[in-house]
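Comments concern the structure below.
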Amino acid sequence: MATITKETVPSQSTVKEKIHGMLGVNRQDAKLSLVLISIAFIAFLLGGILGLVQGLNRAGLFELPSWLNYYQVLTGHGVLLVLVFSTTFTIGYFYAAFSHTLGGLLPKVRKMGWAGLGLMVIGVVFVATTIIMGDASVMYTFYPPMQASPWFYVGLVFLVLGIWLYAFGAFINVAHWRKNHRGEHLPLLAYFGVGVFVLLFIGSFGVTAEVLYIIPWAFGWIDTINVMLTRTLFWSFGHTLVNIWYLAAVSSWYVAIPKLIGGKVFNDSLARLVVILSVVLNITGGFHHQIIDPGINEGIKFMHVFMSLSIGFPSMMTAFAMFATFERTGRKKGAKGLLGWVKVLPWGDVRFLAPMIAMISFIPAGAGGIAQTNNQLDQVVHNTMWIVGHFHLTLGVSVVVSFCGIVYWLVPHLSKRVLTPKMNKLGVIQTLIWTLGMIFMAGSMHIVGLAGSPRRTSYTTYGDNATALGWDPYLFFLAIGGTLLIIGCVLMFYIVFHLMFKAPKGETAFPIAEQEEGAHATPYWTERWTVWIILMLAIVAMAYVIPLVDMIFNAPPGSPPFRTW
Amino acid sequence: MKQAIYGLILYVFLILPPVASLAESVMTIHMHMQMPLLVVVGFLFTPFLKQTFPNFFVQWNAKGVPGILLFMVITVYWMLPRAMDEALNIRAIETFKFISLPFFAGVPLRDSWSKMNRLWKSITFIFLTLTYGMIGILYILTPIQLCNNYLMLEQKTLGWSSLVTALCFLAYLILNVTIDKSKYE
């Protein structure tokens with residue numbers, strides 16, 4: 001296999017790139033990323049407030065006013081955090097990464113970025129308006145046969161179109177860079193970016209098909225809908241989205257953290273293999289969200305256990321690489337003994353502390369995910385608060401805290417400011433409050449879920465049933481956790497905008513770790529994206545054709561719409 | 001040698017009666033999972049076999065063409081509905097499946113691929129695209145049950161699965177033709 005590395009091919013940096021390197025961040029590119037990050041954290045604050053309202057209501061401590069519906073709040077919370085926050089932050093982060101590592105965004109790509117933002121804003125306006133009006137309390141999963149206002153789904157179309165524009169922009173920029181750097185490997189962070197945008201683009205095919213199927217039904221042009229089909233199409237995207245955030249978080253673990261702690265990238269080839277595996281094996285994982293769905297036979301569910309578990313491999317590889325990086329760096333700094341390297345890690349630096357907590361949380365979060373992938377284990381917890389606890393641990397800690405960790409160096413870098421020791425200290429406090437809040441909230445959610453408390457329901461004692469009353473202490477802890485989280489949420493909102501507009505002016509480097517000296521050359525097959533994409537499509541086909549054909553040809557009578565709120 | 005050991009483990013796993021009957025219980029898994037995995041077993045055996053019998057491969061498959069023709073014949077044979085049926089009903093044919101796919105399809109494909117020129121590689125891709133496409137259309141449109149062991153719906157599912165596989169090959173071909181690699185590599 002031919003291997004070409006930076007060492008074997010002379011760099012062909014353009015004049016523009018050299019200028020870019022000297023002047024630091026490109027202001028126009030930075031503006032786009034900063035606007036996206038601002039939107040992300042406004043959504044984060046609003047979603048957080050809705051989360052608190054919901055948590056207090058669920059614990060029986062707060063009664064919602066008559067004009068506000070629990071499911072409306074739940075929908076707003078999910079849409080703002082799961083769809084808006086995560087997507088806008090991910091795109092803003094990777095566009096900044098492309099700008100930095102590829103020598104700036106192309107003017108047309110920047111324009112596409114603004115156009116994509118415009119489309120996403122239009123989408124969010126449609127979606128938010130219908131939720132506020134009480135016409136779309138269908139939660140972020142918008143499962144039929146619950147039916148929202150048709151304009152809710154039209155808004156989702158705009159959101160997807162915006163995402164596609166960003167994906168095309170990314171591909172154009174990467175192709176341009178590769179033309180000017182023939183034979184070279186794409187910088188690792190940009191490589192992660194390609195993986196993320198491939199997943200965003202191809203992963204959204206399923207949900208696009210679903211929304212285009214729902215719209216005629218929502219407008220009343222068709223009377224009934226195939227519920228199983230829509231759920232399956234949704235999760236082909238839903239699960240992919242989860243892993244898109246995860247891949248974004250992991251990119252900072254591989255690329256930025258080693259630099260911040262004074263270490264090197266553990267192994268460039270391994271990192272790229274993690275990206276390839278995460279892309280190729282991802283979409284098929286969607287089925288484990290449907291293990292309890294009755295319309296899929298056991299054979300298919302059994303097959304999908306393996307497909308879902310396969311995504312555990314790149315996660316394990318990442319865990320190994322990360323801890324190897326920490327140990328190597330610690331030992332280089334003179335650490336002795338089996339675990340002496342733990343002590344020399346920069347625990348007081350929020351740029352390390354936050355992602356480190358995110359990584360540690362992924363150990364129980366990933367283990368929970370593996371448990372839930374198994375049919376029998378999932379049967380016990382699937383429709384309970386356990387699942388809510390699980391995704392608050394994965395998304396709420398592993399991803400969100402990683403994103404917060406990125407903020408501490410990315411925002412000052414983009415806004416040409418610096419992270420002061422005072423703000424670092426506040427960041428550490430924010431991280432600890434958030435972590436404590438999540439331990440209380442996600443922890444009690446897991447326990448109360450095992451005790452049988454259902455998810456997606458507002459507060460009820462089921463006529464003072466003894467079992468239901470037994471959940472109350474845990475729900476109380478859930479409310480305490482929620483309260484701590486809103487404090488963390490407000491602090492983070494303040495930190496982001498302080499770093500953007502108020503922090504002292506100065507230069508903050510974009511931390512990109514280098515490879516170890518004498519590292520093995522990365523094989524060039526890692527750059528063959530055509531092969532990986534086709535392989536991904538083939539695996540998606542293997543996973544989805546059998547159940548989809550069954551759902552379409554053996555479909556029960558379709559369902560008319562329901563408005564349950 | 002390492003690859004051969006992995007191949008042997010996969011081979012034994014696929015032969016295990018519960019695994020084989022589970023894979024054969026669904027028509028699409030039978031053709032699109034079990035059979036390709038048997039080809040992969042052959043892939044993994046190839047370096048070991050080439051090391052053990054170097055003269056055989058030089059003598060019989062110097063430029064890769066005989067090997068790829070053998071691969072095509074075996075592939076087409078296992079796409080026939082009757083072959084699938086017989087593999088389920090007749091033990092000898094089942095045995096032939098477990099021998100032919102690794103050794104007459106997987107091994108020759110891997111051995112031939114590096115020896116073939118661009119033309120033969122393109123022919124192989126076009127051949128796979130067309131056969132999967134045609135078999136897909138056949139299985140989708142045929143109004144009668146082609147295999148005694150599988151229901152009509154399974155047949156249609158296999159048809160769609162084959163068609164999607166053909167589309168994947170087609171997408172790869174189009175991308176390979178339209179993207180000028182010399183501009184990037």
Side-chain angles (χ1 to χ4, degrees), chain A residues 1-5 8-9 12 171 174-186 202 205 280 284 296-307 524-555, chain B residues 13 18-19 21-37 39-40 47 113-114 121 125 128-129 132-133 136 139-140 150-185:
Chain A
M1 188 74 64
T3 55
I4 303 168
T5 62
T8 54
V9 176
Q12 299 167 16
F171 301 148
V174 168
H176 175 82
W177 186 90
R178 290 192 64 186
K179 268 186 192 167
N180 291 322
H181 298 78
R182 278 176 22 195
E184 284 185 40
H185 280 286
L186 201 61
I202 298 178
F205 288 178
V280 170
T284 53
I296 304 168
N297 68 44
E298 282 170 8
I300 295 298
K301 286 175 180 172
F302 184 65
M303 181 178 84
H304 276 278
V305 169
F306 294 101
M307 291 217 166
Y524 201 73
W525 53 256
T526 53
E527 296 291 335
R528 306 239 186 265
W529 276 103
T530 315
V531 177
W532 310 131
I533 291 170
I534 299 298
L535 194 60
M536 171 177 75
L537 290 174
I539 290 177
V540 170
M542 269 168 59
Y544 278 93
V545 168
I546 300 174
L548 283 182
V549 171
D550 182 41
M551 282 169 200
I552 293 167
F553 287 95
N554 281 339
Chain B
F13 176 75
V19 178
S21 32
L22 181 75
E24 287 159 4
S25 65
V26 180
M27 195 179 189
T28 310
I29 296 179
H30 189 180
M31 192 194 271
H32 283 185
M33 201 175 285
Q34 189 201 51
M35 290 186 186
L37 282 175
V39 175
V40 170
W113 197 255
S114 52
K121 283 182 182 174
F125 265 114
L128 286 170
T129 311
Y132 271 104
Y139 279 122
I140 292 167
Y150 297 110
L151 299 172
M152 277 287 285
L153 185 67
E154 293 218 47
Q155 193 172 297
K156 283 199 188 305
T157 308
L158 180 61
W160 282 107
S161 187
S162 303
L163 202 58
V164 174
T165 308
L167 289 175
C168 286
F169 280 124
L170 188 65
Y172 184 76
L173 272 175
I174 291 170
L175 286 171
N176 258 344
V177 170
T178 53
I179 296 173
D180 181 1
K181 278 186 188 162
S182 64
K183 282 184 181 171
Y184 303 97
E185 293 175 8

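Convention: sequence-line order gives letters A, B, ...; per-chain numbering from 1.
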**Item:** Member of A/L548, A/I546, A/V545 meeting the side chain to side chain contact (heavy atoms under 4.5 Å, CB included) criterion with B/W160
**Value:** A/V545
**Asked** Considering only heavy atoms, which portion of B/L22 lies under 4.5 Å from any heavy atom of chain A: side chain, backbone, both, or neither?
**Response** side chain
**Item:** Heavy-atom contact with chain A under 4.5 Å, split by part of B/T165
**Value:** neither
**Request:** Identify the heavy atoms of B/C168 and A/A538 that sit nearest to each other, and give their distance.
**Result:** SG-N, 3.7 Å
**Message:** With a sphere of 6.0 Å drawn around CZ of A/F553, does it hold more than 12 non-hydrogen atoms of other residues, nucleotides or ligands?
**Reply:** yes
**Request:** Look up atom CD1 in A/I534 and atom CG in B/L170, then write down how far apart they are to the nearest 0.5 Å.
**Result:** 9.0 Å
**Message:** If I take atom OG1 from residue A/T530 and atom CG from residue B/N176, how far apart are they, to the nearest 0.5 angstrom?
**Reply:** 6.5 Å
**Item:** Under 4.5 Å from any heavy atom of chain A - which part of B/M27
**Value:** neither
**Asked** Atom CE in A/M542, atom NE2 in B/H32: separation rounded to 0.5 Å?
**Response** 10.0 Å
**Item:** Rounded distance [0.5 Å steps], OH in B/Y172 versus CG in A/L535
**Value:** 11.0 Å
**Request:** Sort B/S182 into side chain, backbone, both or neither according to what part of it lies under 4.5 angstrom from a heavy atom of chain A.
**Result:** backbone
**Request:** Can you tell which part of A/F302 gets under 4.5 Å to a heavy atom of chain B, answering side chain, backbone, both or neither?
**Result:** side chain
**Prompt:** If we only count heavy atoms from C-beta on, is the B/L153 to A/V549 side-chain gap below 4.5 Å?
**Reply:** yes
**Item:** Separation between CG of A/D550 and CD of B/E154, rounded to the nearest 0.5 Å
**Value:** 9.5 Å
